[in-house]
Amino acid sequence: MNKTKILSLCRSLGMMVVVLLFACCSGKKDKYCSAIPKDAAVLYRIDAYSFVDKHNIDLKSMKSMLFGKDDLDGIGIDLKKPFYGFVKMNGGTGMVAAIEDADAFTKFVNTYSVLIGAKVSEKQGLHWVESNGMYVAYDDTHLLMMSGDGMYVRKNITELMAQQEEESAMQTPLFERLTNVKEPFAAVISSNSIPEKLLKAELASGKTMEDFDMDIDISFDVVKDKALMACEVFPNSDKLKKNIEEAMSKSKTIEGQYINTIQEKPFLWGAFNADYSQYMDELEKQLTDMLKLSVGPDEDALMKVIVETLAKFVGTLSGDLSVCIPDAQTGNFIVQANVKDASAINEVFENLKTLIASNENAAKFLTIAAADKNNYTIVADGKTFLSGVKGNDYFFTNSTDYKQKVGSEVETGLEALKSEICSSYAYMTLDAHHLVGQLMQVPDFRQTAGLFMGRLANLDRVTLKFPSVTRAELSLSVMDGKDFCEVMFK
């Protein structure tokens, strides 16, 4: 394929993106949504029109930047109606959109028929476009696109295009939940929509459908300097509610003990807090189950003691547990945790040292040696790690320099985030600015990024946090607190 064809293809794909950007979603149950199958296990919505309007994004300049023209009016899609996507129980996927002018859309498709690989045809009272396993059917009011096996998909699309509102997903609780999510981009998933056979492996392990009886809401929006995606779980069964309550009782918000440590602007930093002693029994059970699959009868007794020792080690931890990769280029890291009793940590490592030294096979790839009081050198598969306790801080690292810095305080740049960090049960942040800088040294990335390279250079951090045990938030922020849309889209 020559460069001209590649450029034309990219521009056509860009046009499809803008079509979706214009396909806004309202909370109304528009009639064309009757083409959404009732057995949809996942529904998602793109309210891009209101998103663009809310953040004053200049679509003309965006369209011009993407594919050299800013006039996409008159394509036949009703740009003031919602765009919906779905995933069926059997795995089939599709989307629906409202048609404003069927003749205009036919003209639009036929204009780009060379790139699409097909022209519009008419069958069974519908207009059809079929190309590379993708099937699109539309009439004067709505459009349905699905992928899959030809004969089955055509039959399925024909039936869905003809069904009434009461036969569709519009009358389901799943669709109602989607309309209740207010963010411009949203998806909803319900375990009630997923047949048990898809959970066969999990159910065979002793779990029941009650363990998976939940609703999941996913949303995306931009808030000031951040693009924010949130995922929240809503348990339905009493059993799952009880499990979540137990998880809540074991969890604690981060105390912030290790925000000021090791190095300014760490590449990656994360922290977690819990009542670790409550996890000892469960951890011991899980480790035992895993080791049963990898060790023979002769080593079983040794592994049992090691598992018990490791569980005891976890029980000595108290407060924050932090993981830090200060510099991505060196590959060095440090794990830190507050401990209740330094002597208990020493006892754990002395026991492990003796156990491993007494087993010929284990000693071949793992050795533990006491460097000095409260400090141990661990050699595993030729790699050296340092472990020990300084004051009330346990550390595990592969860097002598980081070991020396344990207990010191450094302005890391995370201080401004302390309130956000300390209101979370788990928190991780990555220096996106540094990562993009490294990626820009790679020719393939520079070529792919193209016109967006300058905008990507304004990215600051990627952050994942859990403000509760049932909600996760993933955000991407830009530098200096600037408006995200202003920087990335204008």
Does the side chain of [X] come under 3.5 Å of the side chain of [Y] through a donor N or O and an acceptor N or O?
X: Ser343; Y: Asp341; value: yes
X: Tyr32; Y: Asp78; value: no
X: Asn260; Y: Glu411; value: no
X: Thr316; Y: Tyr394; value: no
X: Thr429; Y: Thr463; value: yes
X: Asp327; Y: Asn332; value: no
X: Asn392; Y: Lys340; value: no
X: Ser468; Y: Thr470; value: yes

How about [X] and [Y]: do any of their side-chain heavy atoms sit closer than 4.5 Å?
X: Ile218; Y: Val188; result: no
X: Ile244; Y: Val469; result: yes
X: Met428; Y: Leu268; result: yes
X: Val462; Y: Leu474; result: yes
X: Ser387; Y: Asn375; result: no
X: Leu386; Y: Thr377; result: yes
X: Phe86; Y: Thr93; result: no
X: Cys231; Y: Ile216; result: yes

Atom [atom1] in [X], atom [atom2] in [Y]: separation rounded to 0.5 Å?
X: Glu167; Y: Ile36; atom1: CD; atom2: CD1; result: 14.0 Å
X: Met170; Y: Glu165; atom1: CE; atom2: CD; result: 3.5 Å
X: Leu417; Y: Ser423; atom1: CG; atom2: OG; result: 10.5 Å

When you check the gap from the basic side-chain N to the acidic O, do [X] and [Y] get nearer than 4.0 Å?
X: Asp221; Y: Lys54; answer: yes
X: Asp401; Y: Lys405; answer: yes
X: Glu159; Y: Lys155; answer: yes
X: Lys224; Y: Asp483; answer: no
X: Lys418; Y: Glu415; answer: no

Do [X] side-chain atoms and [Y] backbone N/O form a donor-acceptor pair below 3.5 Å?
X: Asn351; Y: Glu347; answer: yes
X: Trp269; Y: Tyr258; answer: yes
X: Asp393; Y: Val389; answer: no
X: Asp320; Y: Asn273; answer: no
X: Thr172; Y: Ser168; answer: no
X: Arg45; Y: Leu178; answer: yes

(message) Please tell me whether Tyr84 and Phe175 form a close aromatic pair, meaning their ring centres lie under 6.0 Å apart.
(response)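 Yes, close enough.
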(request) Output every pair passing ring-ring contact (aromatic ring centres under 6.0 Å, His included) with a member in residues 406-428, not counting sequence neighbours, ordered by first then second residue. (result)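 ring-ring contact (aromatic ring centres under 6.0 Å, His included) check on residues 406-428 returns no pairs.
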(request) May I have all residue pairs that pass ring-ring contact (aromatic ring centres under 6.0 Å, His included) and include part of residues 350-390, sequence neighbours excluded? (result)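 Sorted result for residues 350-390: Phe349-Tyr376, Phe385-Phe396.
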(request) Show your reasoning for whether side-chain hydrogen bond (donor to acceptor under 3.5 Å, both in side chains) applies to Asn374 and Asn346. (result) CA-CA 6 Å; Asn374 295 338; Asn346 287 337; 2.4 Å; yes
(request) Mind running side-chain contact (heavy atoms from CB on, under 4.5 Å) on Lys38 and Glu166 for me, showing each step along the way? (result) CA-CA 9 Å; Lys38 195 169 188 175; Glu166 59 271 15; over 6 Å; no
(request) Could you walk me through whether Val136 and Leu144 pass the side-chain contact (heavy atoms from CB on, under 4.5 Å) test, one step at a time? (result) CA-CA 6 Å; Val136 178; Leu144 173 60; over 6 Å; no
(message) Other residues, nucleotides and ligands only: do more than 12 of their heavy atoms fall within 6.0 Å of NZ on Lys482?
(response)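 No, because the 6.0 Å sphere around NZ of Lys482 holds 12 heavy atoms or fewer from other groups.
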(message) Considering only residues two or more places apart or on different chains, which pairs with a residue in residues 471-480 satisfy side chain to side chain donor-acceptor pair (under 3.5 Å)?
(response)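 Matches after skipping sequence neighbours: Glu232-Arg471, Arg471-Glu473.
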